[in-house]
Structure formats: structure tokens, C-alpha cells
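Input: a single structure, listed below in C-alpha cells.
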There are 2 protein chains.
Amino acid sequence: MGNGNRRLKLEDIARTLGVSTATVSLALRDSPAVAEKTRLRVKEYADKAGYIYDRSAASLRTSQSNMIGVAVHDIMNPYFAEVFHGLEEALVEKGKTILICNHKDDLQRQQRFIDTMLQHRVDGLIICPSIGTKPNNIKRIVSQGIPVTLVCRDLAGSGAPCVRGDDYNGSYQITKHLIEQGHKRIAMVGGRRGSSSGKDRNSGWRQALLDAGLNPDEQIDIPEAMTQKEGQGAAFELVHSKQPPTAVMCFNDLVALGVMSAARRLGIQPGPGLAVTGYDDMEGVGNRSPALTTVSNGATEIGELAAQLMLRQLKGKPVSLDVPLVQPVLRIRESAPPPGKTLKAFSPA
Amino acid sequence: MGNGNRRLKLEDIARTLGVSTATVSLALRDSPAVAEKTRLRVKEYADKAGYIYDRSAASLRTSQSNMIGVAVHDIMNPYFAEVFHGLEEALVEKGKTILICNHKDDLQRQQRFIDTMLQHRVDGLIICPSIGTKPNNIKRIVSQGIPVTLVCRDLAGSGAPCVRGDDYNGSYQITKHLIEQGHKRIAMVGGRRGSSSGKDRNSGWRQALLDAGLNPDEQIDIPEAMTQKEGQGAAFELVHSKQPPTAVMCFNDLVALGVMSAARRLGIQPGPGLAVTGYDDMEGVGNRSPALTTVSNGATEIGELAAQLMLRQLKGKPVSLDVPLVQPVLRIRESAPPPGKTLKAFSPA
DNA sequence: CGTCCCTTGTGAAACGTTTTATTACCCTAT
DNA sequence: ATAGGGTAATAAAACGTTTCACAAGGGACG
């Protein structure tokens, strides 16, 4: 019971039991160099006496901490939360502790975090790199012998493997779906073009249009939006443009929700009045009305994969920098039907 | 650039500069005991040479790590994500690093995490205790001199202060609002009765009914639901009960969304056909249709407050265990109008 | 009986900081 | 010239592990 005293250390146990600290250390870690009987004796006493292992001391000696640093853009984004979930499960199972940071696409913040992690001697870093991250920043870490795994956003020349979905393909598919529904004027909203996901999803959209004989340059392309609020803003812009689109392909589900709610406020019924698609298939978007047509990109799977890749690197096994992309799957639901009789207003309430 | 060599240490810098390691250590930490000139010289060289501070060594020496452990039920829950957000902002500003864990209301998982944190010599712990946590488990940590701050869920007898919203008052208010709208049969859905928030929100509902001369025992009370999916299940149960309610007060927004989507599937229009209220005022719920009537309980504020409380404890200042509850504020929107002409079906599509 | 190997156990040197007590030095006032 | 006082710098002892090299004992085998 909470004796106000100093914490117990190996030496204390050793003295009490009449053995050396070396023996105690070895025993606690199940080294075969110590006899079964002694091991039991040590463990039992340590347990009873409430011994608490000091990882700082161990880290100092061994130069490794059993900690993994995770930096993502924003854990509040349900999509990242899901990725994180996959990550965490796999890592805690292996006894790793997670240090976390939301860098919010702020380079300085990200750098500060990385520095701190290095000071803590983390065993590895899992990063969704902030937009504008220089490949060299990552490369430097890797060349110090600290494994880095990127998630969601790739960074050419960083020397680190990246686990992510096939953004190009996903957006190509869903745009193609819109085209097949009969849409001819299809906007794209959102996505930071400075990130690989923003870039790739935009390319998919362009290519799908081109392949269908539609000219992407005549379509509407509104970059940057990432959140629900920004999606709303974009929707206003779209509706008031000279030639409003009949469909809008959004960078992610959040933006799509924003677009739909703005449309509603403008008297346009999302779905019949304006086809809207999302990306990510966040939890719950299939249950709304209209149920969101979107792309499931296997967030949990991406998290798990990244964790596995990290663990493999920690074991010293070399990993290929060329990780196969996780394949997305289309979720056709209700929010993107064929074009209606043009933008038909309906009275709310 | 990445010399494959050993990491630089204080001693190396000292040798190069012809001073002692003590001087270097002091200089880097801006001690007034070292002359301005030397300090600059040291810092400049350390910077140029790419020195990386080793926190394990420092932790070992000083018995503190600058790390704070945070254990919550589930970071994927947007509400907790918001609390976490408040926490993080306040903590990183003070140079703290966050160790995180989702305990998922699994006691064993929570305990493992706590143990690991203690081994890492975290400076403090911020915990939303798993349901079923024994006050003693927390008390033991506190009595070791490690500050603990609880968030969202209180735990009497734990010896740790708790920052949380006034759940009783919030649910009382919103139930009262439903009553004022003319509802007489008001169900409550969700909330683990083993947690303070579940218990308090349920009490608020009961008391509001009693104060209005309604008998809580005749109303419908479905505990446990916490997620959208569980909310859907509950909705089916409600609608098919002998005397279906005209309003349902949900434990949180997630459950409310579930109830509304299920209602819709059953041909009932959420709002006019069935009044639904949420709790938490998660981002975006005001933009949906119908806009959710709910209670904003200041998640970010709770997170910030908890962080402040922790920081104060870290400075050694004693804090009162009696923290004033964060006052919730009602968000009256569209989802809880007066009762319609009883459950009126409407045709979807 | 001596030699060798195997099993257990140990002493002591790291690991890279922080901090306390002490020294070295220079300046000023007597 | 000497004492006193302030400023800068330092030596060395922690902090609690891990691990390397070695020692002690005990069979087995020649």
C-alpha cells in the first residue's frame, strides 16, 4: 500500500532476496540464463512488493523506448480516427505505446512533434505528412536509422514506404458512375492539391471525364475544401455559377455532407435535385437520408497495414518502398441518381 | 548530414568547445549561471552539429518525463475527439507530450495502459474511467504522488478531481423543453447506467417528468445504447411497443441520429412524426435535416479545463476535488417540434 | 584424479543527463 | 596588500537499467 517512500528498484529486490541485480533483471525478463526456481522467486516477490519497472532507465541503456510516434492531420476527422483505430489495435497488441499529435497541416507543429519524438527515442514514426513537408525532412529521420511509415499521403523521395488507398482509381470509378447515370456536367469539390490524395482524386476525376469525351476544363473544379463547413461554401459557389453542375463529386464525405446541407438551404433536394458523392464511407453515412453514395477506402485496413509495416521494419527486416495500394470499393446508395428535370426547387417544412 | 555514427551527447559538445558537460547542460537550458556569451556559443554549436536531446536520460535523472497519459473510452466518438482536441491544445502548448489509449470500456485494457504509463514515469494521467473502474485503482495512483484528472465521468472516492458537464441539468432542461412542446410520452434511449454521465442524464429525465406530474415508470427507458447502430435498434423497439412515445430523448447525438434514421425507414418522419433530441451538439448536427435539437455540453471547454487542472497539479498546487460542473446550453432546432397528429406515415422517395 | 563443459549467477561498466558542492577568478573596498 | 563578495565554470555523484566478461560449482568423461 502506498508507502510514501521511494520507488522500489532492482537493487532493492536483489538485496532482499540475496541475489544480484543482474539476476533480478534477467529473471523479470524471462531470460533462460536464470534457473526456473529463482525466476519464480524473483517474480513473485517483485509482484508482491509492487515493483514498477522504470522504462526511462531501460531506454537510456538500450536506446529504445517501445514507443511509436503517430502524427496525423486531424484525429477529429472520423476518417483518420478510423485509420488510427487500425493502427492502435495492431500496435498495442505488440506492447507498443503510442505518442500522438495532430499537426493540422501546420509544418512547424509537425516538425516540433517530430523533434520531440526523436528526443524520446521513439522506435518508429507513423506519419500522414503535413502538406508542404519536404521529402528531406523525412529522409533525414530514416537515415538516422529510425523507421518511418507514411499513411494516406505519399511523399516521393522521402525514402519511407507509404500505405494508402488507390485514390486515383476510387475517384475514377465514382466519376464514371456519375457519367453512367447520365450526368454531363460534374463538378469536383475539395482536396488540397498539395497532398497526394488531393492530387490523385482530382486526376481520377479528370481522366474519367476525358475517357467519356467530356472536357474537364469546362467542368467546375473547386480545390481546398476539406470540412463540412468548407463544403457548404463551395456549394453556394456552385449553385450560383453560370452553368451549375447536375452532379458534384466531393473529395470526402464531410465535404459531401456540407454540400448537401447547403443545397437543402438553397431549396435544392440533394439526390434528385443535385447528385452528390462522397469519399471514405465514414460510419453512418449510409444511414442518412439520402444515403450517401461514396467510396469505401478501407481506413481500418490502411491503419493495420501501416502498423504491420512498421513492426516489420522494427524487426530489422527491409521493406519495399513500393507498397501496393489498398483498393477502394464503390458504395452505390441514394445520393447520386440520374439527373432530374434540372434543378427543381422544393419547399422545405 | 546523416553521419551513420553515434548520437552526439553533451560530453561531445563539451569536449569540442573546451568546456564542461555541466556548462553545456546549463547553457542549453538557459540557466542564468552561465554567461551570455558561452550560452550563445554552446547553443549555436549544438544546433549546427545536430545535437538531439535525450529525454530518457533526463527522465532517469529527474524522475519526470514531460509526458501525460490520456485514456478515453473511444477517440473515434466525435464527442471525445472534441474533448481530446481541447486537451491537446492546452498540453502541447506547455511542451507536454501525449500518450494515448482507447480503453473501450475494457477494464483490463485500461489497467494495462495505466501500468505502462507509470513505467514511463508520466507526469500525470487524464482519464475518462472505464465503466466498472474501482475508485481504489485511481486512488493508488494518486497516492503515489502522480496527479490524476478525470474527465466526463466522475468516480466518487477516487481522490481525483473530475471535469465534466452538468449532465443532470442538461437532460433536465431538454426534457423540460419536450414537455413544454406538449409531449406527454417521452422515452429515453441510451447511456450506460454504470457511468456518471449515463446515470445523471437519466436522473435529469426522470426528475423533469416528475416535476411535470408525469410518471417516469410509465415512460420508456432503454439503457446501454451509445452508438448510431444501437440507436437504430432501440428505435425499432420503441415504435413497436404497446404505447409508442411521441418524443425520444437520446443519451447522445449519435444515438439520436440512429433513432432518426430508423424512424425514417419505418415510414415515420423524424421531427413532425417523432420528436428526437440529442446530447453533445457534435459538429454538423445543426446542418442536417431536420436540424438536431440537442444540448451543447462544451466538449472543447471540458478538455481545456481538464488540461489546466492537470497543469496546476503538476506545479504542485493543490486543487479542490470539487470542480464546478461545466454548464450545458440548449440548442433548440428542428428535430423536436410539438407532437403531430400522432405517428403520421409519409411515403419515402 | 584431472580436464572440460554446462548451468547459474555475479561485478561492474556503461547509457546521457542533472545538480550539488566546490573552485577559480576578478573586482572593489578596506 | 588583504579580505570579502560576486560571477562563471567544473568535477563528480547520482538516476535505474542492461549486458559483457567472468567465476563458481557440478557432473561427465577420459
Side-chain angles (χ1 to χ4, degrees), chain A residues 5-43 45-46 49-67 115-116 118-123 144-145, chain B residues 5-43 45-46 49-67 95 116 118-123 144-145:
Chain A
N5 256 343
R6 219 186 60 272
R7 244 156 97 151
L8 226 53
K9 56 179 165 175
L10 255 36
E11 201 189 321
D12 300 320
I13 301 186
R15 198 159 354 92
T16 310
L17 259 41
V19 295
S20 73
T21 66
T23 305
V24 178
S25 170
L26 298 227
L28 289 178
R29 281 172 305 140
D30 292 319
S31 156
V34 24
E36 169 86 1
K37 215 177 77 178
T38 341
R39 175 154 49 92
L40 255 44
R41 206 159 62 99
V42 170
K43 283 193 159 182
Y45 178 74
Y51 167 70
I52 298 179
Y53 178 61
D54 186 330
R55 285 180 192 254
S56 319
S59 288
L60 173 56
R61 175 61 222 239
T62 61
S63 304
Q64 52 150 317
S65 59
N66 260 291
M67 299 192 294
D115 289 346
T116 309
L118 294 181
Q119 298 179 349
H120 278 298
R121 279 189 177 283
V122 287
D123 296 349
Q144 279 181 41
Chain B
N5 257 345
R6 221 184 61 273
R7 246 155 95 148
L8 226 53
K9 55 178 165 178
L10 255 37
E11 200 189 322
D12 299 320
I13 301 186
R15 198 160 354 93
T16 310
L17 259 41
V19 295
S20 75
T21 66
T23 305
V24 178
S25 170
L26 267 354
L28 289 179
R29 279 172 307 140
D30 291 319
S31 157
V34 23
E36 169 86 2
K37 214 177 78 178
T38 339
R39 176 155 47 92
L40 256 43
R41 205 161 61 100
V42 169
K43 282 192 159 183
Y45 177 74
Y51 167 71
I52 298 179
Y53 178 62
D54 186 329
R55 286 180 193 254
S56 318
S59 287
L60 173 56
R61 173 63 220 238
T62 62
S63 303
Q64 53 150 313
S65 60
N66 260 290
M67 298 192 295
T116 308
L118 294 181
Q119 298 180 349
H120 278 297
R121 278 187 177 281
V122 287
D123 297 349
Q144 279 181 40

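Below, chain A is the first sequence line, B the second, and so on; all start at residue 1.
- When the P atom of D:dT18 is taken as reference, atom CG of A:Asp30 falls 12 Å away, rounded to whole Å.
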| message | Show, in sequence, the C-alpha distance, side-chain angles and deciding distance for A:Ser59 and A:Ser56, and conclude whether the side-chain hydrogen bond (donor to acceptor under 3.5 Å, both in side chains) test is met. | response | CA-CA 5 Å; A:Ser59 288; A:Ser56 319; over 6 Å; no

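- Distance A:Ile52 CD1 to D:dG16 P: 12 Å, rounded to the nearest Å.
- Taking side-chain N and O atoms only, A:Thr38 has a distance below 4.0 Å to OP1 or OP2 of C:dG9.
- Across the protein-nucleic acid pair, B:Leu26 atom CG and C:dG16 atom P stand 20 Å apart, rounded to whole Å.
- Residue contacts for A:Ala35: at a heavy-atom cut-off of 4.0 Å it reaches the sugar-phosphate backbone alone, with no base atom in range.
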| request: Please step through salt bridge (charged side-chain N to carboxylate O under 4.0 Å, His left out) for the pair A:Arg15 and A:Asp12, ending with a clear verdict. | output: CA-CA 5 Å; A:Arg15 198 159 354 92; A:Asp12 300 320; 3.1 Å; yes

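- Checked by atom type and distance alone, the side chain of A:Asp123 pairs as donor or acceptor with a backbone atom of A:Asn66 at under 3.5 Å.
- Comparing A:Arg29 and B:Val19, the nucleotide of DNA chain D nearest to each residue sits closer to the 5' end for B:Val19.
- Atoms CD (A:Gln119) and P (C:dG16) sit 15 Å apart, rounded to a whole Å.
- If you measure from atom CG of B:Leu118 to atom P of D:dG16, you get 16 Å, rounded to the nearest angstrom.
- Contacts between residues 53-67 of chain A and DNA chain D, defined by a heavy-atom separation under 4.0 Å, are made by A:Tyr53, A:Asp54, A:Ala57, A:Ala58, A:Arg61, A:Thr62.
- A donor-acceptor contact shorter than 3.5 Å is absent between the side chain of A:Thr21 and the backbone of A:Glu11.
- Under a 3.5 Å cut-off, the side chain of B:Thr62 and the backbone N or O of B:Ala58 do form a donor-acceptor pair.
- In the set C:dG16, C:dT18, C:dA12, C:dG16 carries the atom at the smallest distance from any side-chain atom of A:Arg121.
- For B:Ala33 and A:Leu10, each mapped to the nucleotide of DNA chain D holding its nearest heavy atom, the one lying further toward the 5' end belongs to B:Ala33.
- OP1 and OP2 of C:dG11 both lie 4.0 Å or more from every side-chain N or O belonging to A:Ser20.
- Here the CG atom belonging to B:Leu10 is positioned 10.0 Å from the CG atom belonging to B:Leu26, to the nearest 0.5 angstrom.
- In the set C:dT17, D:dT10, D:dT19, the nucleotide with an atom closest to the side chain of B:Thr23 is D:dT10.
- Between B:Arg39 and B:Asp30, at least one side-chain N (NZ, or NE/NH1/NH2) sits under 4.0 Å from a carboxylate O, which counts as a salt bridge.
- Atom-to-atom, NZ of B:Lys9 to C1' of C:dC15 comes out at 7 Å; the value is rounded to the nearest Å.
- Regarding B:Arg15, its CZ atom lies at a distance of 13 Å from the P atom of D:dA11, rounded to whole Å.
- One atom, CZ of A:Arg39, and another, C1' of C:dG9, lie 15 Å apart when rounded to the nearest Å.
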